[in-house]
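Position 1 is the first residue of the sequence; numbering continues from there.
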Amino acid sequence: MKRNLIVSTILNYINFIFILIIGIISLVENPKSIRMFTVESNLLSGLASIIVAVFSTLILAKKKNEIPLCVKVAKMATTTGVTLTFFTVVFYLGFVAVGEGYSYFTLFKGNNFFFHFLCPVIAIISFIFFEKGKDIKYKLTFFNISHVSCYIVFYITNVLTHLKSDGTVDRKYDWYYFVIGGNWTIGIVAFLMLGITYLLGLLLWFLNRSFIKEKNLFE
């Protein structure tokens, strides 16, 4: 298990560095990008990654014995967030881009390569294969929808308070195209996103428990 801890520590430091650099670049280039779930989910993932990495380093240095449960839950929840980002781009927004005449891989270029693909994948691999989470009980998986729940409230409020004079949604405020089928669809999309997020988080939790075995940490 010491090997797992070392790999987890390295992956979390790498993820934090990538997210810090790309996050700064993104916010400098466009401060409004902070309103995007992609940016928010990655920044939260980066924060959780550095906290886990620091605790892991202390454990390796024999200054601590265990990563606190609250930190593990935060890592699980933030990994769920970037997993949602990854799945949304791969299975939805990529095809939206094609429908608008762009390449499917448009959303994987430049900074988006990190926030839409690399950083989420690093977080997922680290959590599933190298981070011990046997003490994360089932009831704690509901924390996985905390961020997306808050974001949905923000998104719906933002969309519905920026209607055009004819009552339709101003497209520039519906940047994820959730109201593309009409104003009434936003509620359906909201519940769908909550359900998908919860299932993704539950899958991550289950896979973590399946792959990480309870052994002496320093075997």
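If you take OG1 on Thr141 and CE on Met76, they are separated by 6.0 Å, rounding to the nearest 0.5 Å. Taking CG from Leu44 and OG1 from Thr78, the interatomic distance works out to 7.0 Å, rounded to the nearest 0.5 Å. Separating the CG atom in Leu200 from the CD1 atom in Ile145 is a distance of 12.0 Å, to the nearest 0.5 Å. To the nearest 0.5 Å, atoms CD1 (Ile22) and CD1 (Ile19) are separated by 10.0 Å. Here Met36 contributes atom CE and Phe115 contributes atom CZ; the two are 12.0 Å apart, rounded to the nearest 0.5 Å. A distance of 8.0 Å separates OG of Ser126 from CG of Asn15, quoted to the nearest 0.5 Å.
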side-chain hydrogen bond (donor to acceptor under 3.5 Å, both in side chains) assessment of Tyr176 paired with Thr88: CA-CA 10 Å; Tyr176 286 127; Thr88 301; over 6 Å; no
Would Leu93 and His116 satisfy side-chain contact (heavy atoms from CB on, under 4.5 Å), going step by step from the backbone distance to the final call? CA-CA 11 Å; Leu93 293 179; His116 287 166; 5.9 Å; no
Applying side-chain contact (heavy atoms from CB on, under 4.5 Å), run through Lys2 and Leu60 and close with a yes or a no. CA-CA 8 Å; Lys2 183 177 181 180; Leu60 289 170; 4.2 Å; yes
Passes side-chain contact (heavy atoms from CB on, under 4.5 Å), Asn112 versus Val89? Steps please. CA-CA 10 Å; Asn112 285 332; Val89 173; over 6 Å; no
Going through the checks in order, is the side-chain contact (heavy atoms from CB on, under 4.5 Å) test met by Trp175 and Tyr155? CA-CA 10 Å; Trp175 49 82; Tyr155 194 86; 3.5 Å; yes
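Between Ala190 and Ile152, the shortest heavy-atom distance links the atoms O-CD1, 3.4 Å. Contact detail for Tyr138 and Leu202: the closest heavy-atom pair is CE1-CD1, 3.6 Å. When every heavy atom of Cys119 is checked against every heavy atom of Phe18, the shortest pair comes out as SG-CB, 3.7 Å. Taking all atoms of both residues into account, the shortest heavy-atom contact from Lys72 to Phe127 is O-CE1, 4.4 Å. Considering every non-hydrogen atom in both Arg209 and Gly133, the closest pair reads NH1-O, 4.2 Å. Minimum heavy-atom separation, Lys75 to Thr79: O-OG1, 2.6 Å.
A 4.5 Å side-chain heavy-atom check between Phe113 and Phe105 finds every atom pair outside the cut-off. With contacts defined as side-chain heavy-atom distances shorter than 4.5 Å, the pair Thr80/Val148 does not qualify. Contact of the Phe86 side chain with the Val90 side chain is registered, since non-hydrogen atoms from C-beta on lie closer than 4.5 Å. The side-chain heavy atoms of Ile67 and Val52, taken from C-beta on, include a pair separated by under 4.5 Å. Contact of the Ile125 side chain with the Phe130 side chain is registered, since non-hydrogen atoms from C-beta on lie closer than 4.5 Å.
Cluster membership for Ile124 and Leu84, using ILVMFWY side-chain heavy atoms within less than 4.5 angstrom, is shared. The hydrophobic clustering, which links ILVMFWY residues whose side-chain heavy atoms are closer than 4.5 Å, places Val82 and Phe129 apart. Using a 4.5 Å cut-off between side-chain heavy atoms of Ile, Leu, Val, Met, Phe, Trp and Tyr, with links allowed through other members, Val169 and Trp184 fall into different hydrophobic clusters. Residue Leu204 is grouped with residue Phe91 when hydrophobic side chains (ILVMFWY) are merged at heavy-atom distances under 4.5 angstrom, including chains of intermediate members. When the side chains of ILVMFWY residues are joined at heavy-atom separations under 4.5 Å, either directly or via intervening members, Ile156 and Phe191 end up in two distinct hydrophobic clusters.
When the shell of 6.0 Å around NZ of Lys172 is examined, it contains 12 or fewer heavy atoms from other residues, nucleotides or ligands. Other residues, nucleotides and ligands contribute at most 12 non-hydrogen atoms within 6.0 Å of the CZ atom of Phe206. Within a 6.0 Å sphere centred on OH of Tyr13, heavy atoms belonging to other residues, nucleotides or ligands number more than 12.
Using a 30° and 60° split on the angle between ring planes, Phe117 and Phe108 fall in the perpendicular class, above 60°.
Partner Glu131 forms a side chain to side chain donor-acceptor pair (under 3.5 Å) with one of Thr9, Asn12, Asn208 and no other, that one being Asn12.
For the residue pair Ser33 and Ser26, no side-chain donor N or O sits within less than 3.5 Å of a side-chain acceptor on the partner. At a cut-off of 3.5 Å, with distance as the only test, no side-chain donor of Ser8 or Asn4 sits close to an acceptor on the other residue.
With ring centers used as reference points, Phe142 lies under 6.0 Å from Tyr198. For an aromatic pair to be called close, the ring centres must be under 6.0 Å apart, and Phe154 with Tyr151 satisfies this.
The main-chain N or O of Ser41 is never found under 3.5 Å from a side-chain atom of Ser45 such that the two would form a donor-acceptor pair. Using modelled atom types, one side-chain atom of Thr185 and one backbone atom of Phe178 make a donor-acceptor pair closer than 3.5 Å.
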